[in-house]
Amino acid sequence: MSTAPDSTQTNATAPTLRRLLSIAWSHRTDCLQLLGLQLILVVFTVAVFVLTGIAIDFIRHCADANVPAPSLPFFIPKDSDNVATLWWLSGGIIVIALLRAALSYVFGLVSVHFMHGRIVVNLRAQVFAKLQQLSFRFFDSNASGSIINRVTSDAHSVRIFIEGVLLQLAIITVTLIVCSVYMFRTDWRLTLACLSVLPIQIWFAVRFSKKVRPAYEENRDLMDRMVLGFSENVQGIQVVKGFSLESRVLGRFAGWSEDIRVQKRKVFGEIALFWPVIDGLNRLSMIILLGYGGWMVMQGQISLGTGLVTFAGLLQQFATQVTTVASVVDNAQVSLAGAKRIFEILDTDPGVASQPDARSPGRFLGRVTFDNVSFEYNENATVLKDVNFVAEPGRCIAIAGATGAGKSALLSLIPRFYDPRHGRVLLDGHDVRTLPLQALRQQVGMVFQENFLFSNTIAANIAFGHPDASQERIERAAKIAGAHDFILAFPDGYETFLGEGGVHLSGGQRQRLAIARALLLEPTVLLLDDPTSAIDAETEKEIMEAMEAAMEGRTTFIVAHRLSTLRRADLVLVFDRGRLIQQGTHAQLMAEDGHYRRAILIQSEGAQP
């Protein structure tokens with residue numbers, strides 16, 4: 001029973017591992033460059049140990065002529081006396097040490113430039129670009145905190161894998177090979193004896209890897225929950241303070257942090273056991289060296305310097321690399337858990353995308369047709385059912401109905417934020433699914449029910465859909481939306497920098513900037529999702545009068561509740577629980593004894609003093 005989870009985890013990890021290896025292969029030149037530098041560093045390290053061993057043996061030979069003289073390196077002149085030879089050996093050690101220090105500095109610079117300056121930046125750009133392609137369904141089903149955490153934190157997982165797993169494994173392998181070759185040349189029996197603990201270390205590393213892998217994945221989910229909670233608390237701080245819920249929110253956040261602490265404690269418990277075991281086995285190999293190697297020195301089978309001392313230094317390097325395997329295993333689990341979440345985004349089907357052969361027919365006239373359209377956000381949760389209507393070019397269509405009737409959903413189908421489950425949405429007779437998304441959305445302007453303003457200037461927010469727009473066009477759009485006067489009231493006018501979400505503006509001001517942003521595109525179809533909901537009656541009158549000229553020649557859809565807006569419409573669509581139950585002009589619908597007339601009468605009675 002215990003093997004099933006391991007097999008499942010292996011099968012789930014294999015695709016992620018292949019993707020990571022593919023990314024590493026695409027950067028193979030940089031990886032080989034780093035590996036080459038590391039190989040030189042290892043050679044320098046071994047050279048220092050060897051020269052130190054030669055110096056010890058030479059000193060022993062000078063003190064006792066019966067001790068054999070060691071073979072001197074090539075750079076020492078043959079006619080050098082004993083003192084000069086020692087100076088040459090000391091100088092060689094110093095030079096190699098300085099070269100190694102300089103090369104380590106170069107290695108660090110190249111590593112940082114490659115890992116942080118290229119891999120992480122490129123991967124974040126890929127993830128961000130993918131997020132721009134995904135449909136609203138992805139964002140509906142994934143919390144913003146989780147998405148932000150993946151882009152900012154999980155993007156480092158690929159760097160950790162290449163730097164802390166692949167390269168580190170290559171470095172460990174190179175170091176072990178170089179050290180092993182010298183150690184076997186010194187004495188194969190002593191080498192096998194000292195490395196007898198290696199199989200135990202490998203077994204323990206594999207066991208540790210299998211135990212901590214699920215824990216790291218759980219840790220990512222817990223971090224997502226905490227980031228989401230923190231983000232929501234910052235965004236909803238007015239609600240929190242308005243209801244005096246600071247202590248309650250603090251308690252929830254403390255609970256999330258405690259869950260992460262408890263979960264990490266379990267992982268650290270495994271790590272706390274793993275490291276001492278690996279280190280203890282390394283100490284055991286050193287004890288074997290001192291006991292068995294010391295006996296071999298006394299028997300004259302190996303020398304003290306180039307034999308035991310150099311062997312001890314290389315064995316310490318060997319042990320250090322084996323100990324580093326613990327970090328590699330740990331990094332492997334961290335990187336696999338994070339990379340899996342990154343690749344989930346990169347592999348997500350966009351859902352709504354332009355067809356390969358999609359072609360733009362040019363400027364649209366604005367005839368919108370819903371042909372037996374049904375739509376649902378989630379399976380078995382129908383939002384629109386068998387909707388049929390035709391909106392002629394240049395007409396104003398008001399959409400009425402109770403909350404949850406499907407009004408906003410209807411608007412979202414025209415620019416293809418979603419695709420219908422059944423039926424077709426046509427623009428000038430073209431199914432919108434056959435049109436290029438960019439061409440479609442450039443001709444459909446939309447003012448959302450909850451408008452978002454970016455942390456930028458007022459002018460930049462209005463020109464968001466057309467960054468190259470002239471100041472004249474920006475001001476004309478602002479005048480039509482009734483925003484020009486209040487913009488000029490700011491000291492910096494159109495160059496006034498807005499805080500996050502336009503926090504210092506009133507609801508009506510934010511709404512008018514959003515309307516100006518939509519009008520700047522000069523769209524064929526204009527979608528207004530209850531644009532006057534945050535505006536008083538007097539301001540609404542000013543905006544609607546100013547927008548009448550803007551609506552001329554454009555097909556305009558307005559989600560409306562106020563009678564003044566409904567009366568202006570050329571066509572009113574009445575929805576109830578996702579169904580289009582009535583359509584016609586305000587006068588025609590008032591002449592019928594239907595849902596619309598009853599709703600208007602109730603509204604009129606409520607407005608009477």
Side-chain angles (χ1 to χ4, degrees), residues 35-57 70-71 96 100 164-212 270-333:
L35 189 59
L37 291 173
Q38 186 61 38
L39 177 60
I40 298 174
L41 286 172
V42 172
V43 171
F44 281 169
T45 300
V46 173
V48 169
F49 288 134
V50 172
L51 288 178
T52 302
I54 292 174
I56 292 174
D57 285 343
S71 299
I96 293 176
R100 190 182 187 285
V165 179
L166 281 186
L167 280 177
Q168 195 60 49
L169 277 177
I171 291 169
I172 290 173
T173 303
V174 168
T175 303
L176 295 185
I177 290 175
V178 173
C179 292
S180 298
V181 168
Y182 188 91
M183 290 161 65
F184 271 100
R185 286 186 60 188
T186 301
D187 191 275
W188 66 270
R189 295 165 299 175
L190 179 60
T191 301
L192 291 179
C194 292
L195 300 185
S196 61
V197 300
L198 188 59
I200 303 176
Q201 292 175 317
I202 294 174
W203 174 84
F204 209 79
V206 172
R207 173 186 173 275
F208 171 77
S209 174
K210 290 181 178 180
K211 292 198 70 173
V212 300
E270 292 292 333
I271 295 175
L273 175 64
F274 182 63
W275 280 96
V277 170
I278 296 296
D279 187 61
L281 291 173
N282 286 335
R283 302 295 180 187
L284 179 60
S285 66
M286 190 60 69
I287 292 173
I288 294 173
L289 171 65
L290 293 177
Y292 186 35
W295 178 82
M296 296 181 74
V297 171
M298 290 186 289
Q299 296 297 315
Q301 297 182 19
I302 60 174
S303 64
L304 175 63
T306 54
L308 186 63
V309 174
T310 300
F311 198 103
L314 295 177
L315 182 62
Q316 186 62 42
Q317 285 293 310
F318 195 101
T320 300
Q321 297 304 321
V322 172
T323 303
T324 306
V325 172
S327 297
V328 172
V329 173
D330 190 43
N331 288 334
Q333 303 316 312

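One-based numbering along the sequence shown.
Considering only residues two or more places apart in sequence or on other chains, I287 meets the side chain to side chain contact (heavy atoms under 4.5 Å, CB included) condition with none of them.
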* Take L192 and F184, measure what side-chain contact (heavy atoms from CB on, under 4.5 Å) needs, and give me the verdict at the end. => CA-CA 8 Å; L192 291 179; F184 271 100; 3.9 Å; yes
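Here the straight-line distance linking atom OG1 of T45 with atom CD1 of I96 works out to 10.0 Å at 0.5 Å rounding. Note that the CZ atom of F49 and the CD atom of Q316 stand 8.0 Å from one another [nearest 0.5 Å]. Atom OG1 of T310 is separated from atom CG of L51 by 9.0 Å, given to the nearest 0.5 angstrom. A distance of 12.0 Å separates CD1 of I177 from CD1 of I172, quoted to the nearest 0.5 Å. Taken from CG in L304 to CE in M296, the straight-line distance is 13.5 Å, to the nearest 0.5 Å. Note that the CE atom of M298 and the CH2 atom of W295 stand 9.0 Å from one another [nearest 0.5 Å].
Summarising the geometry of T52 relative to V48, their closest heavy-atom pair is OG1-O, 2.7 Å, with the distance given to 0.1 Å. For the pair M183 and T191, the tightest heavy-atom approach, listed with the atom from each and the gap, is O-OG1, 2.8 Å. In terms of heavy atoms, A170 sits closest to L35 at CB-CD1, 3.5 Å. Scanning all heavy atoms of the two residues, the minimum distance from I302 to T186 falls at CG2-O, 4.1 Å. When all heavy atoms are compared, the tightest approach of I288 to A193 is CD1-O, 3.5 Å. S303 and V297 make their closest contact through O-CG2, 3.9 Å (heavy atoms, listed as atom of the first residue, atom of the second, distance).
Within 6.0 Å of CZ on R189 lie more than 12 heavy atoms contributed by other residues, nucleotides or ligands.
Proximity of L289 to L308: side-chain heavy atoms (C-beta onward) are separated by under 4.5 Å at one or more points. Taking the side chain as every heavy atom from C-beta outward, F311 and D187 never approach each other to under 4.5 Å. Side-chain contact between Q38 and V174 is absent, with no heavy atoms from C-beta onward closer than 4.5 Å.
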